Amino acid sequence: SSVGRHTMSISTASRRALSRIGGALRRSLSSSSSSVPDASGYHVSGGPSFMRAAVFWEPGRPLTMEEFRMPRPKAGEVLVKTKACGVCHSDLHVMKGELPFASPCVVGHEITGEVVDHGMHTPAEIVNRFPVGSHVVGAFIMPCGNCFYCVKGQEDLCESFFAYNRAKGTLYDGETRLFLRSNGKPVYMYSMGGLAEYCVVPANALAVLPNSLPYTESAILGCAVFTAYGALRHAAEMRAGDSVAVIGVGGVGSSCLQIARAFGASEVIAVDVLDDKLQNAKTLGATHTVNAAKEDAVERIKEITGGRGVDVAVEALGKALTFSQCTQSVRDGGKAVMIGLAATNVVGEVDITRLVRRQVKIIGSYGARARQDLPQIVKLAESGAFNLENAISRKCKFEEANSAYEDLNQGKIVGRAVVEIM
């Protein structure tokens, strides 16, 4: 029938049109993939076409300053002009070869900065939330937003972050955004690769930083404070009135003291072997301090808590000895939260019968959940419940990054050092 013929001719025409479109698409895709849009030609309107970053090459070799092509953000990613980057022990673990990681790489994962561009095809909501010029802070766990764990709201277990970033040093298309200016060779990224003048950050890892908060001090919000918040809010599910002990009060540990205080802890016990760190701990909310080199830390914690032990103990060092001190210093039914990274293959021991009979809970916690937690953490700093000024013990220039890590390695940094980049 004529109706049948009519519909057939339409479908044939539409099929032809579709195949033409498909051919054009294939051509444009193949041409773009064979000649990747030349990253060396990318630059932000009116901005430079290259940047400097600190590169880690191999254990025992100092970081070197290298020139890079301007990193190009992809869909859902933001290009940030880095203002400050915290100096964290996890970077040091990588630099000493204690944590295996792809190299050469740019370390630094605790940043603040200014938004300068968005990747092509980035959703309008992201562009509107982080317009060019806005101040941002970046979380070191950068959630993909789509994996099994991100969908459950457990972004601190994001599969893509571990499979791509921690295992391969890339973002979630399996590619780095960093290429040397001289020869175009790839350099890997520890988180966003923050010890650089510019960095590419997945938008899910960012939160807006209000103008009232300074760039330098706020850098620690993305790792030191982020990790402390995740440990006490999610792992320990800390309640007001709980007693808390923190074993190892360096950058992350001293942030735990402030978070515990902000959450209403009744006792906050700081444990370390360095008196200057313990003195500093008192200014950050510790009600008691214990020098574990001079007295038995577990006994002293029990003494302070009427013989029972604390509701929550946090281990922020990553050593077998402090692991066991942490498990022994919690009350029956208490929570021992482990947040200190250890060198590969370090194991902790635990008394099984006590674990069973006394319902001791041992919980690992790596960070927090960027989308839900980072804005809350920013509010804690904004309200003054978390004092950023007191948490920072040193500021240094971009060129001084190496010596900051050396001092961190030698225990010379009492709280947290921050590298000022621009």
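Here the structure is a predicted model, which means the values were calculated and not measured. Worth knowing before you read on, the calculation uses all heavy atoms, side chains too, and leaves out hydrogens, waters and symmetry mates.
Contact detail for T82 and G194: the closest heavy-atom pair is CG2-O, 3.5 Å. The two atoms that bring A368 and D156 nearest to each other are O-CB, 3.3 Å, heavy atoms only. Of all heavy-atom pairs spanning V346 and A320, the tightest one is CG1-N, 4.2 Å. Here the shortest heavy-atom pairing between A370 and A205 reads CB-CA, 4.1 Å. V107 and Y190 get closest at one heavy-atom pair: CA-CB, 4.0 Å. Here the shortest heavy-atom pairing between P214 and L209 reads O-CD2, 4.4 Å.
Remark: K168 is positioned above the aromatic ring of Y164, its terminal NZ or CZ atom under 6.0 angstrom from the ring centre and at most 45 degrees off the axis.
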**Report entry** Step-by-step side-chain contact (heavy atoms from CB on, under 4.5 Å) determination, M338 to T327
**Finding:** CA-CA 9 Å; M338 307 300 162; T327 61; 3.8 Å; yes
Requested in this report: In sequence, state the C-alpha distance, the side-chain angles, and the governing distance for Y172 and N146, and then conclude on side chain to side chain donor-acceptor pair (under 3.5 Å).
Outcome: CA-CA 11 Å; Y172 309 144; N146 302 310; over 6 Å; no
Report task. Start with the C-alpha gap between S218 and V137, add the side-chain angles, then the distance that decides, and say whether side-chain contact (heavy atoms from CB on, under 4.5 Å) holds. Result -> CA-CA 7 Å; S218 300; V137 55; 5.5 Å; no
Requested in this report: Please lay out, stage by stage, how E295 and V290 fare under the test side-chain contact (heavy atoms from CB on, under 4.5 Å).
Outcome: CA-CA 7 Å; E295 51 186 334; V290 179; 3.9 Å; yes
Requested in this report: Test Y42 against L79 for side-chain contact (heavy atoms from CB on, under 4.5 Å), laying out the working first.
Outcome: CA-CA 12 Å; Y42 170 74; L79 180 66; 3.7 Å; yes
Report task. Would you sort out whether F263 and Y229 count as a ring pair (Phe, Tyr, Trp, His ring centres under 6.0 Å), showing the intermediate values? Result -> CA-CA 10 Å; F263 286 180; Y229 184 94; 5.7 Å; yes
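Under the 4.5 Å side-chain criterion, counting only non-hydrogen atoms from C-beta, F68 is in contact with V55. Looking at C85 and F398, their side chains never come closer than 4.5 Å, going by heavy atoms from C-beta outward. Contact of the E155 side chain with the C150 side chain is registered, since non-hydrogen atoms from C-beta on lie closer than 4.5 Å. In this structure, M192 and P202 have side chains that are not in contact, with every pair of non-hydrogen atoms separated by 4.5 Å or more. Taking 4.5 Å as the limit, some side-chain heavy atom of P104 sits within range of a side-chain heavy atom of W57. Considering only heavy atoms from C-beta on, L171 comes within 4.5 Å of M189 through its side chain. Residues D373 and H234 have side chains in contact (heavy-atom distance under 4.5 Å, counting atoms from C-beta outward). Under the 4.5 Å side-chain criterion, counting only non-hydrogen atoms from C-beta, V201 is not in contact with F130.
In this structure, N165 contributes its side chain and S191 its backbone to a donor-acceptor pair below 3.5 Å. Distance alone, capped at 3.5 Å, is enough to place a donor-acceptor pair between the H93 side chain and the L341 backbone. No donor-acceptor pair under 3.5 Å is formed between the side chain of D407 and the backbone N or O of I413. Listed for the K335 side chain is a donor-acceptor partner under 3.5 Å among the backbone atoms of A236. Side-chain N or O atoms of N390 include none that pairs as donor or acceptor with a backbone N or O of L284 at under 3.5 Å. Not a single donor-acceptor pair under 3.5 Å links the side chain of R72 to the backbone N or O of M70. With Q325 contributing its side chain and A297 its backbone, the two residues share no donor-acceptor pair below 3.5 Å.
Listed by first and then second residue, the salt bridge (Lys or Arg N to Asp or Glu O under 4.0 Å) pairs that reach into residues 177-190 are E67-R181, E77-R177, D173-R177, sequence neighbours excluded.
For S324, the side-chain hydrogen bond (donor to acceptor under 3.5 Å, both in side chains) partners at least two apart in sequence or on another chain are Q328. Residues that satisfy the salt bridge (charged side-chain N to carboxylate O under 4.0 Å, His left out) test with E217, not counting sequence neighbours, are K395. In this structure E315 satisfies the salt bridge (charged side-chain N to carboxylate O under 4.0 Å, His left out) test with no other residue, sequence neighbours excluded. Considering only residues two or more places apart in sequence or on other chains, R52 meets the salt bridge (charged side-chain N to carboxylate O under 4.0 Å, His left out) condition with E197, E399. With sequence neighbours excluded, no residue satisfies side-chain hydrogen bond (donor to acceptor under 3.5 Å, both in side chains) with E114.
We find the OG-CD1 distance between S255 and I339 to be 9.0 Å, quoted to the nearest 0.5 Å. To the nearest 0.5 Å, the span separating CZ on R261 from OG on S266 amounts to 14.5 Å. T216 contributes atom OG1, which lies 8.0 Å from atom CD1 of I392 (distance to the nearest 0.5 angstrom). Residue S254 holds its OG atom at 8.0 Å from CZ of R416, rounded to the nearest 0.5 Å. In this structure, NZ in K282 is found 4.5 Å from OG1 in T289, a value given to the nearest 0.5 Å. Rounded to the nearest 0.5 Å, atoms OG1 (T112) and CG (L221) are 8.5 Å apart.
The neighbour count for N183 CG, taken as heavy atoms of other residues, nucleotides or ligands under 6.0 Å away, is above 12. For K319, the NZ atom counts as loosely surrounded, since its 6.0 Å shell holds 12 or fewer non-hydrogen atoms of other residues, nucleotides or ligands. The neighbour count for Q410 CD, taken as heavy atoms of other residues, nucleotides or ligands under 6.0 Å away, is above 12. Heavy atoms from other residues, nucleotides or ligands lying under 6.0 Å from CE of M120 number 12 at most. No more than 12 heavy atoms of other residues, nucleotides or ligands sit less than 6.0 Å from atom OH of Y188.
You'll find the ring centres of Y366 and F162 inside the 6.0 Å limit.
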